[in-house]
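A short worksheet on the structure shown next.
Nothing here was measured: the structure is a model prediction, and the numbers come from that model. We count ligands from 1, going down the list as the structure has it; atoms in each ligand are counted the same way.
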Amino acid sequence: MRIPVIAGNWKMHKTVAEAVATVTELKRRLAGVTGVKVVVCPPFLAIKAVADALGGTAIGVGAQDCFWESFGAFTGEVSPEMIKEAGATYVIIGHSERRQYFHETNETVNKKVKKALAAGLTPIVCVGETLAEREAGQTERVVNDHVTKGLAGLNAHEVRRCIIAYEPVWAIGTGKTATPQQAQEVHAFIRQRLAQLWDSATAATVIIQYGGSVKPENIKELMAEPDIDGALVGGASLEAASFEKIVKYNGPMT
Ligand code: PGA
């Protein structure tokens with residue numbers, strides 16, 4: 001039984017004070033929610049304050065990136081160990097914005113995933129094609145590359161500890177959601193590849209989130225698909241009220 005994971009990726013939004021105010025409201029709105037794991041991913045600077053504010057709740061905290069070394073002369077970088085110590089237990093790795101603006105590759109994603117796992121974090125590994133790639137019929141090739149190379153060298157136990165987020169780049173921040181069928185097709189493909197690369201029990205265990213313009217209006221139909229196990233939500237996670245509606249996609253669960 002895969003428990004859905006709904007994570008909010010706040011990207012470069014919210015000061016420490018704003019982040020704490022948001023999670024204080026979320027804590028109240030999501031009290032008693034069951035059947036779904038909720039995670040918020042604030043900017044680095046707010047991780048500690050957010051984790052402290054959420055102490056004693058079931059809401060998890062994640063970072064939006066990490067480096068692949070524990071410490072050293074890497075100006076501006078943050079290690080998985082530092083993230084963990086600040087109170088986060090998840091880390092988004094290889095988001096398409098990092099691939100696009102910060103030259104992340106499948107190889108750097110792979111190094112980060114390994115280091116995050118070694119530090120005891122749950123990596124949320126982002127995969128997904130651009131519009132040009134989809135239109136050129138390259139979706140499966142690109143997603144296969146992201147999965148195969150991003151998770152290269154992991155054993156089955158480590159793969160089971162990862163979350164994969166399928167985020168078609170053309171659906172991120174554009175208001176264009178993949179249809180539930182389009183998303184399901186790729187999710188099923190990813191699960192099939194996991195079964196081939198590792199084993200079917202591992203494939204059946206891994207949480208595969210959908211991301212890209214997820215909103216209160218479309219979450220329910222996405223979650224109805226058999227291989228969609230949650231969502232990575234950007235814009236619609238910034239307001240506690242809309243994130244609450246997404247988390248409670250099945251109606252009030254209290
Ligand atoms: P969006 O972003 O929900 O604003 O489209 C999703 C993401 O980038 O994780």
When rounded to the nearest 0.5 Å, the distance separating NE2 of His103 from OG1 of Thr108 is 11.0 Å
Atom 2 (O) of ligand 1 has as its nearest protein heavy atom Lys11 NZ, 3.3 Å
Discussion item. What I want to know is whether Val233 and ligand 1 share at least one N or O pair that is separated by under 3.5 angstrom.
Written reply: no
Counting from 1 in the order shown, the ligand 1 atoms closer than 4.0 Å to a non-hydrogen atom of Gly212 are 5 (O)
Backbone or side chain, does any N or O of Gly211 fall under 3.5 Å from an N or O of ligand 1? no
Glu81 meets the salt bridge (Lys or Arg N to Asp or Glu O under 4.0 Å) criterion, sequence neighbours left out, with Lys115
What do you reckon, does Thr174 have a nitrogen or oxygen under 3.5 Å from a nitrogen or oxygen of ligand 1? no
Practice task
Inspect the contact between Lys37 and Asp229 and indicate whether a charged nitrogen and a carboxylate oxygen are less than 4.0 angstrom apart.
Solution key: no
Atoms of ligand 1 under 4.0 Å from any heavy atom of Gly235, numbered from 1 in the order shown, are 1 (P), 3 (O), 4 (O)
The answer for which part of Asn9 has a heavy atom under 4.0 Å from ligand 1 is side chain
Here the atoms of ligand 1 under 4.0 Å from any heavy atom belonging to His95 are 7 (C), 8 (O), 9 (O)
Q. Taking atom types as modelled and ignoring hydrogens, do the side chains of Glu167 and His95 form a donor-acceptor contact shorter than 3.5 angstrom?
A. yes
One should read off an interatomic distance between Lys48 NZ and Ile83 CD1, to the nearest 0.5 angstrom, of 14.5 Å
Rounded to the nearest 0.5 Å, the CG atom of Leu117 sits from the OG1 atom of Thr122 at a distance of 8.0 Å
Closest to atom 9 (O) of ligand 1 among protein heavy atoms sits Glu167 OE2, 2.7 Å
The salt bridge (Lys or Arg N to Asp or Glu O under 4.0 Å) partners of Lys149 (sequence neighbours excluded) come to Asp145
of all protein heavy atoms, closest to atom 3 (O) of ligand 1 is Gly234 N, 2.8 Å
Here the atoms of ligand 1 under 4.0 Å from any heavy atom belonging to Ser213 are 1 (P), 3 (O), 5 (O)
Fill in: Short side-chain donor-acceptor distance under 3.5 Å, Tyr166 and Glu129
yes
Any heavy atom of Ala171 under 4.0 Å from ligand 1? The part involved is backbone
